[in-house]
Amino acid sequence: MIVGQQKPFDEIWEMVKGFKKVLVYGCNTCVAICHAGGGKEAEILTSLLRMKAAQEGVDLQVDHAAIERHCEPEFFEPLDEKVRTYDLVLSTACGVGVNFLADRLGGSMPVYPGINTTFYGGVPEAGFFVELCGGCGNCVLHLTGGICPIVRCSKSLMNGPCGGTNNGKCEVSNETDCAWFLIVERMKKLGTLEKLYEVQPPRDWSTGTHGGPRRVSLEHIRAYEEQEEKNAATEGRR
Amino acid sequence: MSVLSQSTKRGSVLIVGGGIGGMQAALDLADSGFKVHMVQRDPSIGGTMVMLDKTFPTGDCAMCMISPKMVEAGRHLNVDIHTLAEVTSVDGDAGDFTVRVKLAPRYVDADKCTGCGDCELKCPKKVLSEFDQNLGQRKAVYSLFPQAVPNTRAIDASQCLCLNDPDRKRCRLCEKACKAGAINYNDKGRELELHVGSIILSPGLDRYDARVRQELGLGRWKNVVSSIQFERILSASGPYKGVVQRPSDQKHPKKVAWIQCVGSRDNHNANPWCSSVCCMYATKQSIIAKEHDKNIEPTIFFMEMRAFGKDFDKYVERAKNEYDVRYQRAMVSAIREEPGTGDLLLKYASEDGRLITEKFDMVVLSVGFQPHGDAEQFAKTFGIETNEYLFAKTSPFAPVKTSREGIFVTGIYQGPKDIPETVMQGSGVAGSVMAMLAEVRGTEIVKKELPPEKDVTGEEPRIGVFVCHCGTNISSTVNIDEVVNAVKDQPGVAYVTNTIYACAQDNQDMIKQTIKEQNLNRVVIASCTPRTHEKLFQETIREAGLNKYLFDLADIREQCSWCHKGQNEVATKKAIGIVKMSVAKSRLQEPLQSETVGVTPACLIIGGGIAGMTAALSLADQGFPVHIIEKDPELGGLIKHVYRTLDGLDVQEFLKDRIGAVNEHPKITVHTGVEVKKTDGFVGNFKTILTDGSAIEHGAIILATGGVEYQPTEYLYGQTPNVITQRQLEKTLAEGGSPGTGKRYVMIQCVGSREEPNQYCSRICCQDAIRNAIAIKERNPAAEVIIVYRDVRTYGLREDYYKKARDLGVIFVRYDVDKKPQVEQTGSVIQVRTWDYMLDRELSLTADWLVLSTGLRPHPTTEHVGAMYKVTRNPDGYFLEAHVKLRPVDFPSEGLFVAGLGHAPKNIDETVAQALAASGRAGVILSHEHLAVSGIIAKHKRELCMSCLSCFRVCPFGSPYIAEDGKVSHNEVKCMGCGICAGICPAKAFQVNNFRDDQILAMIDAAVESEPGVVN
Amino acid sequence: MKSGSNLERVIASGKMAVTAELGPPMSADPHEVIKKANILKGFCDAANITDCQTAVVRISSIAAAFIALREGLEPVMQMTCRDRNRIAMQADLLGAAALGLKNCLCIAGDHQMFSAAGKLKGHPGAKNVYDVDTCQLVGIMRKMRDEGLQQGGDKLEVAPKFFIGASWTPMGDPMDFRPYNLKKKVDAGADFIQTQGIYDMELFRSQMEKARNLGLLERTAMLAGIIVPKSAMMLKYMDSSVAGVTVPKSLIERMNKAKEAAGDDKKKARELQEQEGIKITIELIQQALEIPGVRGVHIQAIEWESAIEPIVKAAGLYPRPTFPDA
Amino acid sequence: MVDGAVTEQTGVSTIEKPREIPEGWEPNVLAFACHYCAFAAADLAGVMRLSYPPNVKIIRLPCTGKLDHIHILRAFERGVDGVFVAG
């Protein structure tokens, strides 16, 4: 799931204090699960901002709202009028949501990010999130026993480990496991260690962000959508 | 169990004595369908435990634990409490007893009196309070203690000015003060005749009156107090409000001495038995005193520190290390008061033989138990046999049965013991009675007929507010009319009035009347604390056809008028705020249905030892099918290697007939050589798959996984055939082995116990050693037995055997944990070197046989079984019960119980008692077709839930689960309504009934709105 | 001959090779490189020129290597995978070849967050590259040299002539995989290997045994890395927190004795420890050279280039072989 | 959660700057008490007629675990001067 963490309150206050009417706009899917930007956190942030404004003697009206997801236009529709009555939207959705709403409002009003979106992660225990995938667009997990070297090895080596492995930990920090130490152990257990003996050729990174912004287009659905629009247009429904 | 003729069996039980043991039995029986009559000599139930301040080993306060049970017993539909009552005669036999009870006059009408206490204020006659052990005072019209149940006042005829005036003219102030007209000076008391199926004796014991021991000066020197007096001194509701001070000059004592075994373990005008609890309560009192006042220096004078119970040794170690309590092994011979100062001079011999006189500011005598003065007559009335000390005569194999069929015993009247064992016997005796009267269960209980519930959905809130005076308790500080006016115009409030006593019977009828007349759909009563009166008022509005959860109680007495006496204006403003908060919450209340869930009336018992079999037989006799799951190929458990009890009874015989009874019983299915693979479901609806694939449906589970013997590695065990354990010695003796003349047996105690990492007493090894020593000496007095011990812990009535062993010539040599005995072997001769404190030099003993008293360990399967049922274990690996004192056989999650060595090391009779307790507790659940689920639980809205599992991980009761559709669901039956899930849920999908977020926010707004001029 | 470098000739001649290490300064002034080059000249067959070691900015390895070459000291240029993608790597390699550099050591390079651990600030916020890793870089260099092709497939008019080197940490975790780690570098085309600092000869001998069983020691030249210890504290630090380096207790004891011998005289303590350090280095070199398959030593005297002369002489590795027709 | 994250990360605490106390000002305190322990303790204080300043009101919760951030923030927003949670 997408994991994020709320921006430090002082940073948010610096962003918000110049405005008159602010809407803290929560998203109730991924960022709610990680207790960063859901409807509940939006409400809490709103209350904190109101009290900070009162303390600083700043005249600021702050309200909060939340919808299921900030990455689908239809969810925004019910609140579009309400949103337009504010002069700033502080979106606590992930970065996708902030972009999507900013595009939707087309510059009519600013949309600021309330949280720092960080990574796709797992939740080994309540309140603890670890990065396990970097969205590189060309998965190699079948070669490394299900442990991703691109994201979990600081140097994204395909022929690790490097010389910096220290007691199974990475040179970057002794709390970070060395991915290749884990990969070797895992492949041993799986009985396929010799797969690691071949030298992996240089990767094609273009499938990731290095290849420029990406999009996925499912033709069988888009064709259906176009057809829908054509019928609607001909019947003059729209 | 002999099957009694069907004829006239009664579905009711008489319980003589309202202490914690009697109360536990009463609640278990009443909850499982039996009418209970409780006869109590004092004006209130509670017994000895209510006098205590804190309890060992956890330090919980006694009142907080026992008062909920007293309130529940006081209000229980099927428990009638007859106070100031005594049984005069008993006829008939098991199943149908006719009992005559004499009730002394109370001079206060229980139906009218609301316990408001106005009469007490006005009564001029001050008297020494027995409850406060004559340290405090009470009035002639009094309640035994503030939280008394029933809290009806009583007049002490011997002290009342009016009652001592033949023509009743003098004083009569209480009659004038009582607005309820409850005082009745011509009360004559009355006679009752009860027909009951069974009788349970739990009269408790008296405390030894130490004044008889003039050399200790109780009653002569003011600063010598008994331990029960010190409990009252420590208690926050005691005479000194919990401030530790000396009776003579109220000075804060610095050096305080406790003297152990006062009146116990001593034939010279005292009692020969050990009272079992004094070592531990002295340790507790010294710790609690130190907590009250950190410059107190406690010293305990003792012979042996008997900390044999669960976590007791750890408690004593904490006393020594954290509270630096000084343990002085010496008996004080005399106490003199230093003239003028009130300090006390204690004379004793130090360990190295010097005679010492030490000055102390205060002395506490740890007095033991002894039967009531009328014990002999008491036993005659009930026709039961007693032992020579007038305790009820019982056998270790049936510790709760008296000599007379149908009459049972529980608590310290059966023998000195502490609160958890008493509670266990309470539930145990309930189990036995349920077994005996199984077929008449439910025949005599009262079921309340309730009118149909009015449907209020969709209606605008019409709240009725009743502001109570509580006599003068509230109205003397809070201006009731001002409150009524302030609330009148609150939105949603349809009707406001005030009442003198909201909880009195007439006012209850008035409330019901008003609900109908004013067509109210919500009720707020502003009076006392919901903790004691919420259930009462909920029942009342339910009787008026209103859903009982459409009610809120604003506490303006305990949390307003009583604690702001004299500040009327501010207290009234606060009371208005409190009532407005309740109204705000009430406005948002919705009717709640409490679902019920079916119960499969069968029980699964894991472990086929004595505990498992005893519980199985008792449950089967109650009519419930039982499945015993035994890992080994045959039943028996650890007891297979035990031959004799301390008092010489044949254990193998007992085991054989117990196994026979289990195998023959039609309701019991024994699964041997098999384990539990998996258990699903919740209380009343468990489904278990065994490793052999068979499936069992049942409503309750008893964990009786038992224990194993510690296999010693020290003292050359295993390296020479002459070093054996007590078990092996017992086996050779049982097989007729006769000890040779002049042969010397050296025994070493506490092998594998009372030392890190096993800092606990295994409780049975002292008894094993003494029994074997007596057997050797009786077979051949010329054989020598030397027991090298740390503390001989033959507690309770076992003390006699310790004396018998000494009389037979067994030599006892004490050792200390930091100077343990050294064992060497030269050739075939075993040499034991140990330091003798008495002779103050090292002893070197040659031993033909070295016998090790090895301790106990939890059974290895405890870990696996514990994990499977999500029950925690204490650091020593024994199962952790729900509450050390009051729920010793329950687990936090419902429907799960524990018995036997898996809970903690214990003797055979204690295991049998705990097994019966577990069967009693399980019987309470299995006796219901349906289990009502409380209305105050968390409700889960699946459409809001995103299955983020935060609730799943924090819920202590495991009620959220992942359903078949992969999404999170909520099992309302397991829910205890604590709301931790609601606190963490990011989607606000969980809300606790009657504590919803919108209600709490409404209360917050109401709380602030009533404070004008609040700086925003 | 693959590259004709002096190092290659020494190794090819069967004599024991000696390489040293030269750390370029954090400055635009070349004289530091010139000074160090002249100290090392004549006492080693070639000297590694580190590439922003511990991710700290220094004169680039290629530039410093060229300066050393000009001073008559054959350099071993280094290239990390951290700072350049495959385009910049190949461009720099062509440049280096054009400047006459022949030896090149491929290493992964310390992570930029790593430098934050040291006293210097470094650039923990920098965006690293790691487009290719060490094995892949070795493969790229071999393809350029032997096939005259760029990694992407385009032809090179003139192929660069490189003596390709790679690093190896024999005692790094997981130890049992390290020999295969080495095999991959040799398969990719590593002509010579320089190991991490060796103190535990027994462990090194057993890892070398495994390498021999994989037939690697005939296909590449193994140079045992020896780090010259300056003090007991340095040995303890190496043992505890340098990855893949374990220091036997006995060596630390010897250093401690040396330190105590000087009582509380700080200066004397430092000198005694340095002398002991040099003695230890010499013993390590001799033990390393006896291990079958070791073809030389890579002596790292960090910021102590002056120690190379006495060490090389005492270890009997002086004078260095020379080739008249070079 | 939010407050923890705020101070811990920025190090700069956003605690209100202390202001001087107007004459005769009494703080308005709100308490959240768990039914089984803190609420029971408040009752016992009453039963023993202990007196304490009246400017505190108690909201009963089934358990302090039920407490939600918004409860505390709402109280402060509404002008309550001190929140006391006991369980």
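In what follows, chains carry the letters A, B, and so on, assigned in the order in which the sequence lines appear, proteins first and then strands, with residues in each chain numbered from 1.
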Novice: Does the D/His71 side chain pair with the main chain of B/Ile1000, one donor and one acceptor, at a distance under 3.5 Å?
Specialist: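 Side chain of D/His71 to backbone of B/Ile1000: no pair is present.
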Novice: Tell me if a side-chain donor or acceptor on B/His883 pairs with a main-chain N or O of B/Leu886 at a distance below 3.5 Å.
Specialist: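 Yes: the side chain of B/His883 pairs with the backbone of B/Leu886.
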Novice: Taking every non-hydrogen pair under 4.5 Å, which of D/Ser51, D/Ala40, D/Cys63, D/Pro54 racks up the most with chain B?
Specialist: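 It is D/Pro54.
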Novice: Select one option (side chain, backbone, both, neither) describing which atoms of D/Leu30 are under 4.5 Å from chain B's heavy atoms.
Specialist: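 Contact with chain B: side chain only.
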Novice: Please look at B/Gln559 and chain D and tell me whether the side chain, the backbone, both or neither of the residue comes under 4.5 angstrom of a heavy atom of that chain.
Specialist: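 Both parts, heavy atoms under 4.5 Å.
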Novice: So, does B/Asp132 use its side chain to make a donor-acceptor pair with the main chain of B/Ser129 at under 3.5 Å?
Specialist: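 Absent.
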Novice: Could you check whether any side-chain N or O of B/Asn568 sits under 3.5 Å from a backbone N or O of B/Ser476, counting only pairs where one atom can act as donor and the other as acceptor?
Specialist: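 Side chain of B/Asn568 to backbone of B/Ser476: a pair is present.
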Novice: Name the option with the most non-hydrogen atom pairs under 4.5 Å to chain D; the candidates are B/Cys528, B/Cys981, B/Pro530.
Specialist: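 Ranked by contacts with chain D, first place is B/Pro530.
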Novice: Looking only at heavy atoms and a cut-off of under 4.5 Å, which of B/Ile980, B/Val992, B/Asn994, B/Ile984 has the most pairs with chain D?
Specialist: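 Option with the top pair count is B/Ile980.
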Novice: Under 4.5 Å heavy-atom distance to chain D, tell me which part of B/Glu534 shows up: side chain, backbone, both or neither.
Specialist: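 For B/Glu534, the contact with chain D is made by the side chain alone.
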Novice: Under 4.5 Å, counting heavy-atom pairs only, tell me which of B/Ala571, B/Ser582, B/Gly983 racks up the most with chain D.
Specialist: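 Going by pairs under 4.5 Å, I would pick B/Gly983.
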Novice: Just to verify, what does D/Asn55 make a side chain to side chain donor-acceptor pair (under 3.5 Å) with, not counting sequence neighbours?
Specialist: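 D/Asn55 satisfies side chain to side chain donor-acceptor pair (under 3.5 Å) with D/Glu26 only.
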Novice: May I ask you to decide if B/Gly935's main-chain N or O and B/Asn993's side chain share a donor-acceptor pair within less than 3.5 Å?
Specialist: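 Yes: the side chain of B/Asn993 pairs with the backbone of B/Gly935.
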Novice: Which answer fits D/Phe32, side chain, backbone, both or neither, if we ask what part of it has an atom under 4.5 Å from a heavy atom of chain B?
Specialist: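 Just its side chain gets close to chain B.
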Novice: At a heavy-atom separation under 4.5 Å, does B/Ala982 approach chain D through its side chain, its backbone, both, or neither?
Specialist: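 For B/Ala982, the contact with chain D is made by backbone and side chain together.
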Novice: Using the test side chain to side chain donor-acceptor pair (under 3.5 Å), find all partners of D/Lys66 that sit at least two apart in sequence or belong to another chain.
Specialist: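 Scan of D/Lys66 (side chain to side chain donor-acceptor pair (under 3.5 Å), adjacent residues dropped) gives B/Asp997.
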